[in-house]
Asker: 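Just dropping this structure here.
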Amino acid sequence: MAMQTNNEIRCSSAAVSYGKVLFGLNILEESVKKTREILEAVPQLSDLFMNPTVALKKKFAVIDRVFPEDMRNFLKTVCKYHRMDLIDEIFAAYDRCRDEENKVLKAVLTCTAPPDEEQKKGMENFLCRKYGAKRAQIEVRHDADLLGGFILRAGSDEYDWSMKGRLDRLAQALSGH
């Protein structure tokens with residue numbers, strides 16, 4: 001596992017702080033979404049905002065022309081303090097704050113075959129009851145190595161009902177470990 005440098009930790013911490021501020025501004029979710037879409041569709045904008053040779057005044061003019069009105073001051077602040085390189089992490093921190101506020105639990109289901117709607121709803125209901133969430137979002141990933149069954153991860157918890165997991169546990173039990 002790679003160790004984070006102090007600079008990476010500072011940047012990560014700054015992104016979380018900016019993400020919390022963005023969430024706390026109560027900007028319309030649609031405006032945040034539109035801003036992300038614009039930045040993804042036109043990567044040259046991020047390059048412009050991160051370019052130290054472009055005058056701040058010009059960056060602000062572009063922000064005023066391109067982005068939703070309620071996002072402009074936030075983006076200007078991010079530019080002013082040279083944090084536009086963290087914008088993806090800032091949005092990720094914003095998402096975590098929004099999900100926490102709305103009690104949305106994110107989980108990952110790894111399986112050999114995707115669940116049908118009834119199975120998926122059952123897992124979502126289980127997760128909501130277990131973790132006190134209003135809603136569960138399950139990302140489904142395929143892994144043929146499981147041999148069958150599934151692994152469901154939510155937070156730091158893992159529910160391993162895969163055939164591979166069962167065989168591994170049986171082998172451990174038989175070997176006395």
Side-chain angles (χ1 to χ4, degrees), residues 1-111 114-115 120 123-124 127-128 131 133-145 151-158:
M1 190 164 145
M3 296 290 292
Q4 282 188 314
T5 65
N6 284 340
N7 192 40
E8 288 172 328
I9 292 168
R10 271 195 303 279
C11 287
S12 176
S13 175
V16 169
S17 297
Y18 276 87
K20 287 178 178 178
V21 167
L22 177 58
F23 180 75
L25 291 172
N26 291 320
I27 291 172
L28 291 174
E29 213 171 302
E30 188 57 38
S31 296
V32 176
K33 182 180 178 207
K34 184 72 178 158
T35 299
R36 289 171 114 152
E37 289 169 355
I38 293 167
L39 289 169
E40 287 171 12
V42 189
Q44 298 87 342
L45 286 173
S46 292
D47 295 341
L48 171 95
F49 296 141
M50 289 187 280
N51 187 336
T53 65
V54 176
L56 200 54
K57 189 175 180 179
K58 182 174 182 183
K59 293 176 185 180
F60 287 2
V62 170
I63 289 170
D64 285 336
R65 277 196 313 271
V66 175
F67 294 97
E69 188 174 348
D70 51 353
M71 279 295 296
R72 293 176 188 165
N73 285 337
F74 179 78
L75 290 173
K76 288 175 182 178
T77 301
V78 173
C79 272
K80 180 180 176 183
Y81 292 101
H82 311 284
R83 293 300 195 184
M84 197 53 102
D85 60 322
L86 300 176
I87 198 69
D88 290 337
E89 292 91 340
I90 291 169
F91 285 139
Y94 165 84
D95 289 342
R96 286 190 299 275
C97 289
R98 189 192 65 227
D99 288 346
E100 193 175 296
E101 175 79 14
N102 295 328
K103 294 190 184 245
V104 176
L105 177 70
K106 297 206 183 224
V108 176
L109 174 68
T110 307
C111 50
K120 194 170 178 187
M123 288 179 197
E124 288 169 356
L127 292 169
C128 288
Y131 296 96
K134 289 183 181 172
R135 198 164 52 104
Q137 289 180 338
I138 300 176
E139 176 189 340
V140 179
R141 296 181 184 165
H142 180 265
D143 184 354
D145 292 341
I151 298 173
L152 181 62
R153 287 186 185 91
S156 60
D157 294 335
E158 179 178 281

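Computed from a predicted model, the values in this text were never measured in an experiment.
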Asker: Does a salt bridge link D99 with R96, judged by any charged N lying under 4.0 Å from a carboxylate O?
Answerer: no
Asker: Give me the ring orientation class for F49 and F67: parallel if the planes are under 30° apart, tilted from 30 to 60°, perpendicular past 60°.
Answerer: tilted
Asker: Rounded to the nearest 0.5 Å, what separation is found between the CE atom of M50 and the NE2 atom of H82?
Answerer: 13.0 Å
Asker: Can you confirm whether E158 is buried at CD, in the sense that more than 12 heavy atoms of other residues, nucleotides or ligands lie under 6.0 Å from that atom?
Answerer: yes
Asker: Please tell me if the side chains of L75 and M84 come closer than 4.5 Å, counting only heavy atoms from C-beta onward.
Answerer: yes
Asker: With side-chain contact (heavy atoms from CB on, under 4.5 Å) as the test, pick out the partner of F74 among V78, D70, T77.
Answerer: V78
Asker: Quick one: does any side-chain atom of K103 pair with a main-chain N or O of Y131 as donor and acceptor, under 3.5 Å?
Answerer: no
Asker: Does K76 count as lying over the ring of F60, i.e. NZ or CZ under 6.0 Å from the six-ring centre, within 45 degrees of the axis?
Answerer: yes
Asker: Does M123 form a side-chain contact (heavy atoms from CB on, under 4.5 Å) with K120? I'd like the steps, not just the answer.
Answerer: CA-CA 5 Å; M123 288 179 197; K120 194 170 178 187; 5.7 Å; no
Asker: Can you tell me if E69 has over 12 outside heavy atoms packed within less than 6.0 Å of its CD?
Answerer: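 Not buried by this count: 12 neighbours or fewer within 6.0 Å.
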Asker: Please walk me through it: do Y94 and V32 pass side-chain contact (heavy atoms from CB on, under 4.5 Å)?
Answerer: CA-CA 9 Å; Y94 165 84; V32 176; 3.6 Å; yes
Asker: Less than 4.0 angstrom from a charged side-chain N to a carboxylate O is my criterion; do R36 and D95 meet it?
Answerer: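 So R36 pairs with D95 through a salt bridge.
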Asker: Have a look at L152 and tell me which of T110, V108, L127 forms a side-chain contact (heavy atoms from CB on, under 4.5 Å) with it.
Answerer: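 Filter result, single survivor: L127.
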Asker: Is any side-chain heavy atom of L105 less than 4.5 Å from a side-chain heavy atom of C128?
Answerer: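 Sidechains of C128 and L105: no contact.
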Asker: Please name the pair of heavy atoms, one in A107 and one in A154, separated by the smallest distance, quoted to 0.1 Å.
Answerer: CB-CB, 4.2 Å
Asker: A side-chain contact here means heavy atoms from C-beta on lying under 4.5 Å apart; do K59 and L56 qualify?
Answerer: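 A side-chain contact exists here, since the closest heavy-atom pair is under 4.5 Å.
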Asker: Roughly how far, to the nearest 0.5 Å, is CZ of R153 from CD of E139?
Answerer: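 Going from CD on E139 over to CZ on R153, the span is 11.0 Å.
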Asker: Say you draw a straight line from CD of E101 to CZ of F23; how long is it, rounded to the nearest 0.5 Å?
Answerer: 4.5 Å
Asker: NZ of K33 to CD of E37: how many Å apart, nearest 0.5 Å?
Answerer: 5.0 Å
Asker: Any side-chain heavy atom of R135 within less than 4.5 Å of one from N102?
Answerer: no
Asker: Hey, could you give me the CG/OG distance between D88 and S46, rounded to the nearest 0.5 Å?
Answerer: 7.5 Å
Asker: Should K20 and V16 count as side-chain neighbours, where that means a heavy-atom distance under 4.5 Å?
Answerer: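 Touching, per the 4.5 Å side-chain cut-off.
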Asker: Take F91 and L22, measure what side-chain contact (heavy atoms from CB on, under 4.5 Å) needs, and give me the verdict at the end.
Answerer: CA-CA 8 Å; F91 285 139; L22 177 58; 3.9 Å; yes
Asker: Compare every heavy atom of S31 with every heavy atom of P68, then report the nearest pair and how far apart it is.
Answerer: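 So the minimum-distance heavy-atom pair works out to CG-O, 3.7 Å.
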Asker: Can you tell me how far the OG1 atom of T35 sits from the CD atom of E30, to the nearest 0.5 Å?
Answerer: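 T35 atom OG1 to E30 atom CD measures 10.0 Å (nearest 0.5 Å).
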Asker: Are there over 12 heavy-atom neighbours, none belonging to Y81, within less than 6.0 Å of that residue's OH?
Answerer: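 Check fails, neighbour count at 12 or below.
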Asker: List the atom of D85, the atom of E89, and the distance in Å for their closest heavy-atom pair.
Answerer: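 Nearest pair, atom of D85 first, then E89: O-OE1, 3.8 Å.
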